[in-house]
Amino acid sequence: MESMESTETAPETFPRIISVDDHTVEPPHVWRDRLPSRFHDTGPRIVRAPLKEMTFLGGKFAPVMGAKGDDGPIGDWWVYEDLHRPLTRLDTAVGYDRDEIRLEVITYEQMRPGSHSVPDRLADMDVNHVQSALCFPTFPRFCGQTFTEASDRELGLLCVRAYNDWMVEEWCGPEAHGRLVPLTLIPLWDPELAAAEVRRNAARGVRAVAFSEIPPHLGLPSVHTDHWDPFFRACDETGTVIAMHIGSSSRMPSTSADAPPAVGSTITFANCCFSMVDWLMSGKFERFPNLKIMYAEGQIGWIPYILERADVVWEENRGWGGVAEKVLRPPSELFAGHVFGCFFDDAFGLRNLDAIGVGNVLYETDYPHSDSTWPKSREVGESQMGHLAPDVVERIVRGNAIDLLGLSPEGLWRP
C-alpha cells in the first residue's frame, strides 16, 4: 500500500495539471458552418438582443429574450428552434472579482477570450500551471440535453455530429498542440445512434463521452434497465470513459422552489452521490467489465460514507434489495475498478484519500466558471495536497487522467 504522508510538496515540483473538467463557450460559427443550408433558420445561431427578465431559483434557470429595440441589458443569445438561451456571466466568470459575478447576460466581447479562443485558452492554461484540459460544452448543456429536447430529430442528430466534429477537428485540432482533450456528445434519444457516435469518434482517438448523471430527470430510462446497453457496450469495447458533470440531468439539487442559488451551490455533489449509488447497484459493471465512469465537479469528500453504507446494504439487505443476482461484488470493489471522482477544492476529501483510493481521484480547474480556481489552481493544489507523498500528488494531478483518457506519457492527446 502506498504511503500518502510526506512533508509539504515543494512548489517548484508541483506537477503540471491535467484538468478533467473545464468548459468551452462555443464560438458563433460552430453550427452555422457545419449544418446544411436548409437548417440555417432553425439550427443554433447567435442573435444579439436585450434581456426582458431572468431568474434562477430552486435550481431552475429561466431567461426571457426581449425584442429588438426593447429596454434591457444587451446580450448574445443562442437561438435554436423555439429556444432562446443567453450567454451569461456565470458561463465565463474568470478574471472578475467574486463579488462582481452576478447572473447577467453578456456578449462575446464581454467574456475572457480564452473561453472560446484556442490560443487564448492555451495562454490562460499556462498562467494556471495547466498542461492539458478536457472541456464540457456550454450551449448544448453538459451532455447535449439541448438537442435531446428539440423537436426535429434529424436536425438534432446533425447538431450533435457537428459539435463533435468541431470539438475534434477545431477545438482539439492542430492549433491546440494536443493540450485540449476531446469530449464528445451522443444523441441521447437513441442508444443505437449513441453507440454509433461513440464508435465514430473512438476511431479518431476520442476516449471520453458526456452522459447524464440521472437520465430519468430528462425523461429517459434509468441505468437499471437494458435500454442503454448498446451505448454502454460501445464505451466498454472502445475504452471510452462516460463523463457525467453535475447538472447533466438538467436538475440541480435544491430544497424548494424559492431556495436561493447558494443552497444548490452548497449541495451540488448530491446528484453525483445519487447517480453513483445507481451505478453501483445496477449490475452494469459486471456486464461491462471495461466500463469506466467519472463525475466532473462532484468533489470527493462524500464518497467514503457512501461506499461504507453501500457495502453494508449489499451485505445485509441484498436478498430483498433487488441486487443479489446482478451485483456480485461489494460496491466498494466495483467503485475501485470503475469510478472516478473529480475535484477542484476539497481539502476534506484529500484528508480521507485512503478511504477513497489514490487511483480513483482526478483534479480539475473548472475554467471559466464562477467556481473555478483559475488562476490559482496550482496554489490550491499545493495547499491541500501538502501532506501527500509526491508520487501520490503526481497521480492525482495528472497520472490518473493520463491512464483514464489514453493520453501520451507526456499528458497530450494524440488522435
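When reading the values below, keep in mind they use all heavy atoms of this one structure, side chains included, and skip hydrogens, waters and symmetry mates.
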Quick one about [Y] and [X] (side-chain donor to acceptor, distance below 3.5 Å, no hydrogens or angles considered), yes or no?
X: Arg141; Y: Ser250; answer: yes
X: Ser19; Y: Glu364; answer: no
X: His369; Y: Asp91; answer: no
X: Ser275; Y: Tyr295; answer: yes
X: Asn164; Y: Glu197; answer: yes
X: Gln384; Y: Asp346; answer: no
X: His84; Y: Asp82; answer: no
X: Tyr367; Y: Asp124; answer: yes
X: Ser377; Y: Thr365; answer: no
X: Glu104; Y: Thr88; answer: no
X: Ser332; Y: Asp311; answer: yes

Taking the side chain as every heavy atom from C-beta outward, state whether [X] and [Y] have any pair of such atoms under 4.5 Å apart.
X: Leu183; Y: Trp171; answer: no
X: Pro331; Y: Met281; answer: yes
X: Arg179; Y: Met125; answer: yes
X: Cys143; Y: Leu188; answer: yes
X: Asp70; Y: Lys52; answer: no

Practice prompt. For the pair Asn360 (side chain) and Phe335 (backbone), establish whether a donor and an acceptor sit closer than 3.5 Å, ignoring hydrogens and angles.
Written response: yes

Worksheet entry | Glu315 side chain to Val312 backbone, donor-acceptor under 3.5 Å | no

Practice prompt. Could you tell me whether Arg251 and Glu213 make a salt bridge, using a distance below 4.0 angstrom between a side-chain N and a carboxylate O?
Written response: no

With a 3.5 Å cut-off and sequence neighbours excluded, list the donor-acceptor pairs that the side chains of residues 319-329 form with protein atoms.
none

Practice prompt. Given ring-ring contact (aromatic ring centres under 6.0 Å, His included), test Phe232 with Trp279 step by step and report yes or no.
Written response: CA-CA 12 Å; Phe232 294 158; Trp279 277 87; 5.0 Å; yes

Worksheet item: After noting the C-alpha distance and the side-chain angles of Phe147 and Tyr80, does the key distance pass the ring-ring contact (aromatic ring centres under 6.0 Å, His included) rule?
Response: CA-CA 9 Å; Phe147 304 127; Tyr80 170 44; 5.7 Å; yes

Worksheet item: Taking it one step at a time, do Tyr363 and Phe344 satisfy ring-ring contact (aromatic ring centres under 6.0 Å, His included)?
Response: CA-CA 6 Å; Tyr363 199 40; Phe344 57 79; 8.7 Å; no

Practice prompt. Return yes when atom CG of Asp41 has more than 12 non-hydrogen atoms of other residues, nucleotides or ligands closer than 6.0 Å, and no otherwise.
Written response: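 Check fails, neighbour count at 12 or below.
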
Worksheet entry | Parallel, tilted or perpendicular: ring planes of His338 versus Phe285, cut at 30 and 60 degrees |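 Rings of His338 and Phe285: parallel, under 30°.
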
